[in-house]
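Accompanying notes for the structure given below.
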Amino acid sequence: DGGITQSPKYLFRKEGQNVTLSCEQNLNHDAMYWYRQDPGQGLRLIYYSQIVNDFQKGDIAEGYSVSREKKESFPLTVTSAQKNPTAFYLCASSWLPDNNEQFFGPGTRLTVL
Amino acid sequence: AQSVAQPEDQVNVAEGNPLTVKCTYSVSGNPYLFWYVQYPNRGLQFLLKYITGDNLVKGSYGFEAEFNKSQTSFHLKKPSALVSDSALYFCAVRDLLLSGGYNKLIFGAGTRLAVHP
């Protein structure tokens with residue numbers, strides 16, 4: 001899993017509650033990404049960030065928010081507006097501009113009770 | 001639009017036999033192709049990539065992949081499978097340039113490889 005850490009490994013959320021997933025990297029990568037993984041659907045991009053204080057929506061950004069205050073950190077908040085948040089969430093990072101390889105964290109499994 | 005397809009949900013192989021996990025792609029321009037592996041409840045690990053050059057790309061753990069432009073395929077192969085190779089395998093293609101100079105990866109749905117003793 002390289003130099004990317006995600007916490008917690010497992011997270012349980014009650015209906016209507018916001019939760020924040022942590023992602024930290026010590027690889028000095030420029031870009032960071034959040035993906036959602038559901039069975040049989042591969043990975044879908046939620047948000048990405050190329051530089052500090054800048055980020056862009058991916059394919060399924062609704063109900064999620066992010067921040068990039070430091071190069072090393074890219075936390076993801078799953079808000080109560082996300083209707084079906086139970087999934088496996090993966091953070092990744094890469095150098096720019098090539099983005100020829102993304103390095104992934106170990107993931108966080110979020111379950112809504 | 002760029003896309004990648006993995007036509008098999010699952011591949012079953014006996015230990016010691018060769019394995020192939022299939023991937024086909026659709027891109028505009030030259031493709032940048034990747035294979036990743038995922039073990040249960042873990043993140044994805046990079047196996048190999050094709051950017052340019054030789055059509056046969058060698059990667060980690062004895063895996064290799066063959067780029068075939070005429071068939072738009074990038075199949076993952078290994079001459080002799082191990083039980084420990086059992087995992088979920090993802091093919092990915094780099095998407096076109098988006099705003100801000102960013103190229104995202106598009107992943108296939110994944111193929112589960114089961115290697116039996």
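Only a predicted model underlies this, so the values are computations on that prediction, with no experimental measurement involved.
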**OP:** Locate the shortest heavy-atom distance separating B/D85 from B/L19; write the atom from each residue and the value.
**Re:** OD2-CD2, 4.4 Å
Original post:
Can you tell me if B/D54 uses its side chain to pair, donor with acceptor, with the backbone of B/L56 under 3.5 Å?
Top reply: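 Pair absent, no side-chain N/O of B/D54 close to backbone of B/L56.
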**OP:** Say whether, by atom type as modelled, one donor and one acceptor occur between the side chain of A/Q56 and the main chain of A/S49 under 3.5 angstrom.
**Re:**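 No; judged by distance alone, with no hydrogens or angles, the pair does not exist.
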**OP:** Classify the ring geometry between B/F63 and B/Y89 as parallel (under 30°), tilted (30 to 60°) or perpendicular (over 60°).
**Re:** tilted
Given heavy-atom pairs under 4.5 angstrom as the criterion, report whether the side chain, backbone, both or neither of [X] touches chain B.
{"X": "A/Q6", "result": "neither"}
{"X": "A/L43", "result": "both"}
{"X": "A/D54", "result": "neither"}

Original post:
Is the ring centre of A/F55 less than 6.0 Å from the ring centre of A/F74?
Top reply: no
**OP:** Name the region of B/Q6, side chain, backbone, both or neither, that has any atom closer than 4.5 Å to a heavy atom of chain A.
**Re:** neither
Original post:
Counting heavy-atom pairs under 4.5 Å to chain A, which of B/N41, B/L88, B/D9 comes out on top?
Top reply: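 When all of B/N41, B/L88, B/D9 are compared, B/N41 has the most.
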